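For reference, the structure discussed in these notes is given below.
Naming: A, B, ... by sequence-line order, numbering from 1 per chain. Not measured: the values here are computed from a predicted model.
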Amino acid sequence: MKKTYSGRYFEILEKRKNLPVWVHKEEFLKTLKENQIVLLVGETGSGKTTQIPQFVLEAVLNENPSSGPKGKKWLVGCTQPRRVAAMSVSRRVAEEMDVEIGDEVGYTVRFEDCSSSKTVLKYLTDGMLLREAMADPLLGRYKVIVLDEAHERTLATDLLFGLLKQTLVSRPDLKLVVMSATLEADKFQNYFTGVPLIKVPGRLYPVEILYTREPQRDYLEAAINTVIQIHESEPPGDVLVFLTGEEEIEDTCRRIASKLGDQVNVMPLYSTLSPAMQQKIFDPTTDAVRKIVVSTNIAETSLTIDGIVYVVDPGFSKQKLYHPNTRVESLLVSPISQASADQRAGRAGRTQPGKCFRLYTEKSFKELEKQTYAEILRSNLANTVLTLKRLGVENLLHFDLIDPPAPDTLARALDDLYHLGALDDECNLTKTGEMMSEFPLDPQMAKMIIVSPQFNCSNEILSVSAMLSVPNCFIRPRGEGQKAADKAKSMFSHIDGDHLTLLNVFHAFLQHNQNQDWCYENFINYRAMKSAVNVREQLVRIMSRFQIKLCSPDFNSRDYYVNIRKALLAGYFMQVAHLERTGNYLTFRDKDDQVVHLHPSNCLEYKPEWVVYNEYVLTSRNFIRTVTYIQGEWLVDIAPDYYKPANFPNSEAKRVLQRHCKKRRLSEERSCKIF
DNA sequence: GAGCACTGC
C-alpha cells in the first residue's frame with residue numbers, strides 16, 4: 001500500500017474516528033487476535049460495515065506482511081445481503097483508504113467483478129461467497145471472513161454459517177467475524193458456543209414510540225388518518241408510511257393527496273417502480289411542503305431516506321411462505337416481528353429526534369415474534385439442497401444450521417431432486433446434478449437447459465429461461481393505457497402458451513436492436529429485457545464451460561415450437577395440470593392434487609387438456625401462471641419413471657395416462673416385431 | 001379476469 005496519502009484522506013480519517021465503533025477498536029483487535037470467531041453487535045449508525053473490515057485488514061497485513069496462498073495476497077471478505085450495498089460500501093471504503101475501487105478494495109456481485117490481483121479487502125454478496133465456496137470449499141484465499149447483517153438471516157448467510165463452522169475446524173488459521181444489528185446475539189452465541197461478544201451502540205436520535213389505545217380494524221384507514229393528523233398537528237418533518245404492496249400504496253397515495261392536496265408531496269416507493277421515480281424520493285423537500293413517502297418494506301433495509309421525522313407503522317408486510325405438501329410458495333400479508341418494528345421506528349431518527357406511530361397496541365407489540373422467521377424456514381429448499389450437496393455436505397440432517405428446516409420441506413426437496421436426476425438412490429450428487437448446481441437457477445430450469453440439446457433447441461430454452469428469471473416484462477398501466485397495453489401484448493401472443501410468448505418478446509427485442517423506444521411503444525419493460533439479455537449471456541458462459549451444445553431447430557419447421565414445448569416439459573414435468581370434465585384444472589401429482597385456475601394473464605385462446613406451468617401462486621385463488629400447452633403422451637415419453645400410473649391415485653388424469661402408457665407399450669411391441 | 005414484499009447466484 002502506498003505510503004503517502006492525500007489531504008482528503010486525513011480529512012476523512014478524522015470523521016471516521018468519531019464513529020462509535022472506533023471507541024472499541026483496540027478491544028476488537030485484541031479479541032480477534034485471541035479468538036477464531038468474534039461476534040459484534042452494532043446498531044445502525046455505529047459504522048461497523050465500513051470500519052470493522054478495515055480494522056481486520058490492518059491486523060491481517062500486520063501479521064502477514066508478505067506471503068499469501070500460492071504467492072497471492074490474503075483476502076479479507078465482507079458479505080452483504082444486497083448487491084447495491086456491496087457496491088456502495090466498497091466504494092466508500094476505497095475512498096476512505098485513498099485507493100481506486102477495484103485495486104486494494106473491491107467488490108464482487110453477480111454480473112460484476114470489480115476486484116483484481118491487488119485486492120486485499122473485498123465486499124461481496126452472501127450468495128457470491130457461497131458460489132466461491134463451491135469452487136473452493138476451504139475458501140483458501142481468505143484470511144478473515146466478515147458476515148455482515150447476520151440478523152437478516154438470508155438463506156445464503158445461513159448456509160455460510162453452517163459451512164464456515166465446518167471450515168473453521170479444518171482451517172485453524174481462518175477467522176470469522178459475525179456482525180449483527182440486533183441482539184439476537186444469544187442465538188448466535190448458542191450456535192458458536194462461548195464466542196466473545198462486543199457491543200457497539202449506534203448513533204440514532206431518540207425516537208418516541210406511540211401506540212394506539214385500541215387495536216385498529218382497518219389499518220389503511222388508520223394510516224391515512226394518522227398521516228393527516230401528523231400533518232395538521234406536528235412540526236415540519238417528512239413522513240414515512242409502511243404498507244404491503246404496490247396497489248395498496250398507489251391507492252393510499254391517491255387518497256392522501258385528495259385529502260391534503262398541495263400542502264404535501266405524496267410519493268409511492270416500491271421495487272418495481274422505475275429508478276427515475278424511486279430517485280424522486282431523495283429530492284430535498286422545500287420547507288413549505290411536507291414529503292410523505294408511502295413505501296413497502298424496501299424502505300426498511302434497502303433504501304434509506306434522510307429527513308424522515310415521522311414513521312407510520314401499521315405492523316404488516318408481505319412475507320413468503322412455503323407449504324411443502326402442496327409445494328406452493330405464497331405471499332401473505334402477515335404481522336411483522338418486533339425487530340422489524342424497531343427497524344422501522346429507527347427510520348424516524350436518522351437526522352433529528354423523531355416519532356413513530358404504531359397503529360397497534362403495546363400489548364400487540366409484545367405478542368409479536370421477536371425476530372422474523374429465517375428465510376430457510378419459509379422457502380422451497382430444492383435449490384438449497386442442491387447447493388449443499390455440491391459443497392460436499394453428505395448428511396444434510398447432520399449439517400449444523402442455526403434453524404434447521406422442517407423435515408417435510410427437506411424430504412420434498414430431496415424427492416424433487418431425485419426425480420430430476422440430480423441425486424441417485426443413495427442421495428449422492430449425479431453428474432447431471434453437478435452441472436445443475438452450477439446454474440444460478442432453480443433445479444427444474446437448470447435441468448431443462450441441460451437436456452434442451454436433445455430437443456435441438458438450447459438457444460430458445462436459454463432465452464425462455466432468461467425471460468423467466470427477470471421481472472415481468474409486460475407493463476400494464478392502470479386506467480387509460482390498459483387497453484393499449486393489452487393490445488400490444490396480444491401482438492406477441494403465441495396461441496400455445498406463455499413461455500412461447502416470452503420467447504417472441506425476446507426475439508422481437510433483439511430484432512429491434514434492444515431499442516428502448518421500441519419497448520416504450522410496445523409496453524415492454526426495458527430494464528427487464530436488458531437484464532434478460534444479461535442473464536442469458538451468463539447462462540451461455542456456463543453452457544460453454546460444460547460444452548453443452550447451442551442449437552436451434554429450423555424456424556420454418558413445423559416442429560420448431562413442438563421441440564421447445566417438449567424441452568419445457570423435460571424440466572418442469574412435475575408441474576403439470578390436467579383439464580377435468582368439470583372444466584377445472586387439477587394439478588397432476590403423486591399426492592395432494594389441487595384445483596387450480598389459469599392465471600388471467602395467460603395468452604391461451606382455448607383450454608388445452610394438458611398444460612405445463614412455471615409457477616403456482618396463491619393469491620385470491622389458486623393460480624398457475626405462465627402456462628403452455630403440452631401433449632399427454634409426452635409425459636410418458638419424456639418422464640417415464642415419474643409418470644408410472646401406479647404412482648398416482650385414481651383420477652381422470654390417471655386414466656388418460658394409463659391409455660398413453662398402453663399405447664406406448666403397443667407401439668414398442670409392434671416395433672419389436674418388425675425387427 | 002388479476003396483480004407484483006424483498007434479496008441473491
Taking any heavy-atom pair under 4.0 Å as a contact, classify [X]: base, sugar-phosphate, or nothing.
| X | answer |
| --- | --- |
| A/T125 | sugar-phosphate |
| A/Y270 | sugar-phosphate |
| A/Q319 | nothing |
| A/N472 | base |
| A/R82 | sugar-phosphate |
| A/V109 | sugar-phosphate |
| A/F439 | nothing |
| A/R621 | nothing |
| A/R390 | nothing |

5′-ward residue of the pair A/T296/A/P440 relative to DNA chain B: A/T296

Earlier contact from the 5' end, DNA chain B, for A/R378 and A/L441: A/R378

Check ion pair A/R82-A/E152 (N to O, under 4.0 angstrom): yes

Residues in contact with DNA chain B, drawn from residues 146-156 of chain A - heavy-atom cutoff 4.0 Å: none

Heavy-atom contact window of chain A on DNA chain B, given 5' to 3' at under 4.0 Å: B/dG1 to B/dC9

Side chain to side chain donor-acceptor pair (under 3.5 Å) partners for A/R625, two or more places apart: A/E615

Contacts of type side chain to side chain donor-acceptor pair (under 3.5 Å), residue A/S334, not counting sequence neighbours: none

Partners meeting salt bridge (charged side-chain N to carboxylate O under 4.0 Å, His left out) with A/E112 (sequence neighbours left out): none

Partners meeting salt bridge (charged side-chain N to carboxylate O under 4.0 Å, His left out) with A/E221 (sequence neighbours left out): A/R255

Pairwise salt bridge (charged side-chain N to carboxylate O under 4.0 Å, His left out) hits with a residue in residues 524-540 of chain A, at least two apart: none

Sequence neighbours excluded - salt bridge (charged side-chain N to carboxylate O under 4.0 Å, His left out) pairs with any residue from residues 336-347 of chain A: A/E300-A/R344, A/D313-A/R344, A/D342-A/R358

Any side-chain donor near an acceptor of the partner, A/H151 and A/Q371, under 3.5 Å: no

A/F623: ring pair (Phe, Tyr, Trp, His ring centres under 6.0 Å) partners, not counting sequence neighbours: A/H599

